[in-house]
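Let me begin by presenting the structure, written as structure tokens, before commenting on it.
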Protein chains: 2
Amino acid sequence: MTRRTKQGEAIKNVLVNCPSPLSAVEILARAKQVVPDMGLATVYRHLNRWLREGKLTPVEFPGETCRFETTGKGHHHHFLCRDCGRVFDLPGCVAGLHSFVPAGFVPRQHELTIYGACPTCARQTENNHAN
Amino acid sequence: MTRRTKQGEAIKNVLVNCPSPLSAVEILARAKQVVPDMGLATVYRHLNRWLREGKLTPVEFPGETCRFETTGKGHHHHFLCRDCGRVFDLPGCVAGLHSFVPAGFVPRQHELTIYGACPTCARQTENNHAN
DNA sequence: ATAGGTGCAAACAGTTTGCATGTAT
DNA sequence: ATACATGCAAACTGTTTGCACCTAT
């Protein structure tokens, strides 16, 4: 039913080997190093298939294009550094989520994103202020 | 510097009077009831100005177009009902957020979105299962 | 041999921008 | 009077789709 192609393999490898979520064009750029004449449509077709199958999760930040990461990295959330733009995984989950949801609502999934300065950028800001 | 126009007033009224976040086209549809020949570009120009001024917050859900809500409703988060598509405000915040952020990271903002069934839809699902 | 995958280009949705005109100050 | 706001259409970005060709099975 589902055929094994060099394009699909290349895209999968990019996703599996990258620790942080990637956008479609970032995935294409990396996969092209293996299959140079790959098209963006092929990337999207694989991404959508894997999303449908639950093997991939979309990661979205306001004003930024959608990124994708493999599922099964264990439950985690994301930290977006406002200074350098990098995305970090924060393992685990916040306490007290259940008690936050009002009675009557039935939560099935959730997403938590934290914005601020990553350790590297925070240190630099500190140094700048010291001068 | 900033001029008072019927379009701007109409858009502002739509946003202020709506309890849940709205997309640009939803805002246009409602504002057109007051100023019928308004264009979508005008809506975006006002939205972007207010976003820049911090009077408006973007609310985004994966795969859905961006919505907007006025700031100053007090700290809250959002619940998206997967069944009816409606968005609900959840007042307050989750406990233990600070202890969740690893050492070194400096959090400045955060966003929490919960997906599931709203009270109305949850009740219906229950009833269906009973039949 | 054939169903399914691929590349390309065209189509689409959401948003932004250039420009001539309109209007609040 | 003039600077800013508006409406329209064109441009742009990210994503999807139609189609002829290709390829893993």
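Proteins get letters first, then strands, A, B, ... in listed order; numbering begins at 1 in each. Because only heavy atoms are used, hydrogens play no part in the values below, and waters and symmetry mates are left out as well, while side chains stay in.
Between A:Trp50 atom CH2 and C:dG5 atom P there is a gap of 11 Å when expressed in whole angstrom units. Nucleotide C:dG5 holds its P atom 12 Å from the CD1 atom of A:Ile11, rounded to whole Å. In this structure, B:Leu40 atom CG and D:dC8 atom P are separated by 11 Å, rounded to whole Å. In this structure, the NE2 atom of A:His46 is 12 Å from the C1' atom of C:dG7, given to the nearest Å. Residue A:Lys32 contributes atom NZ, which lies 11 Å from atom C1' of C:dG7 at whole-angstrom precision. Nucleotide D:dC22 holds its P atom 14 Å from the CD atom of A:Gln7, rounded to whole Å. The separation between B:Glu9 atom CD and C:dT23 atom C1' is 15 Å, rounded to whole Å. Atom CG in B:Asn48 sits about 16 Å away from atom P in C:dG14, given to the nearest Å.
In this structure, a donor-acceptor pair under 3.5 Å is present between the side chains of B:Glu69 and B:His78. Counted by atom type alone, A:Ser20 and A:Arg67 present zero donor-acceptor pairs between their side chains at under 3.5 Å.
Of the two residues near DNA chain C, B:Arg45 and A:Val35, the one whose nearest nucleotide lies more 5' is A:Val35.
No donor-acceptor pair closer than 3.5 Å links the side chain of B:His76 to the backbone N or O of B:Gly92.
A:Phe61 and A:Phe68 are assigned to two separate hydrophobic clusters, defined by single-linkage of ILVMFWY side chains at heavy-atom distances under 4.5 Å.
Other residues, nucleotides and ligands place no more than 12 heavy atoms under 6.0 Å from the NZ atom of A:Lys55.
Ring centers of A:His75 and A:His110: under 6.0 Å apart, within the cut-off.
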If you restrict it to nitrogen or oxygen atoms, what contacts under 3.5 Å exist between nucleotides 23-25 of chain D and the protein, and what is each distance?
residue: D:dT23; atom: O2; partner: A:Arg3; partner atom: NH1; Å: 2.6
residue: D:dA24; atom: O3'; partner: A:Arg4; partner atom: O; Å: 3.4

